[in-house]
Amino acid sequence: YQRRVHGGESCPVVQQSRACNEQVCPEACRMSEWNAWSTCSTSCGVGTRSRDRIVVKGPVNGGKACPDVSQEEECNLRPCPVDCVVSSWGKKH
């Protein structure tokens, strides 16, 4: 555009703006780190242990859903020891 000179009239505003991308963005669920595994439910033989975590912030505006907040798994997969058992002496025939 040309600037006003020699007493001419000023130019009108030549810049215009309008809002765009006004839709909200989806935000996925945010989770904490996993807590430590619990102790095994048995000292031998098959037991279970678990761990959990918390939802820090739930999903917003259609964001990805939260995954599981707890896990469980088998532990102590070794067999339990079996003590020797001796019967009493029998009669001699």
Side-chain angles (χ1 to χ4, degrees):
Y1 79 95
Q2 185 176 352
R3 294 180 165 233
R4 168 178 105 132
V5 291
H6 309 294
E9 290 193 29
S10 296
C11 293
V13 175
V14 293
Q15 183 177 11
Q16 209 176 26
S17 64
R18 67 178 184 183
C20 62
N21 292 329
E22 292 179 314
Q23 69 277 13
V24 292
C25 295
E27 292 181 44
C29 177
R30 288 194 343 238
M31 304 294 291
S32 70
E33 294 296 319
W34 287 105
N35 290 321
W37 285 103
S38 65
T39 56
C40 192
S41 61
T42 61
S43 59
C44 64
V46 179
T48 57
R49 66 181 188 163
S50 62
R51 66 180 183 171
D52 58 7
R53 59 186 174 175
I54 61 170
V55 174
V56 173
K57 184 177 180 186
V60 179
N61 303 320
K64 187 176 177 182
C66 296
D68 291 339
V69 295
S70 63
Q71 288 182 331
E72 190 172 279
E73 70 178 10
E74 291 183 340
C75 54
N76 287 341
L77 303 177
R78 64 185 181 279
C80 292
V82 178
D83 293 334
C84 176
V85 177
V86 178
S87 62
S88 58
W89 291 98
K91 292 185 181 183
K92 186 176 179 181
H93 295 310

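Please read these numbers as outputs of a predicted model, since none were measured by experiment.
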(request) Working to the nearest 0.5 Å, report the span between CZ of R78 and SG of C44. (result) 7.0 Å
(request) Kindly give the heavy-atom pair with the smallest separation between N35 and R51, and that separation in Å. (result) O-CB, 3.5 Å
(message) Taking E73 first and then R49, would you say they form a salt bridge - that is, a charged N and a carboxylate O separated by under 4.0 Å?
(response) yes
(request) Verify, without hydrogens or angle tests, whether N76 (side chain) and T42 (backbone) share a donor-acceptor contact under 3.5 angstrom. (result) yes
(message) For G58 versus C66, what's the shortest heavy-atom pair and its separation?
(response) CA-SG, 4.2 Å
(message) Please find the pair of heavy atoms, one from Q71 and one from W34, that lie closest to each other, and give the distance.
(response) CG-CH2, 3.4 Å
(request) Measure across C80 and G45 and return the closest heavy-atom pair with its distance rounded to 0.1 Å. (result) SG-N, 3.5 Å
(request) Locate the shortest heavy-atom distance separating P59 from A65; write the atom from each residue and the value. (result) CG-CA, 4.2 Å
(message) V69 and side chain to side chain contact (heavy atoms under 4.5 Å, CB included): which single residue from I54, D52, V55 fits?
(response) V55
(message) Counting C-beta onward and ignoring hydrogens, is there a side-chain heavy-atom pair between P67 and R53 closer than 4.5 Å?
(response) yes
(message) Within the 4.5 Å heavy-atom criterion, are V46 and L77 side-chain neighbours or not?
(response) yes
(message) Looking at S50, is its backbone amide N or carbonyl O close enough to the side chain of S38 to form a donor-acceptor pair, meaning the two atoms are under 3.5 Å apart?
(response) yes
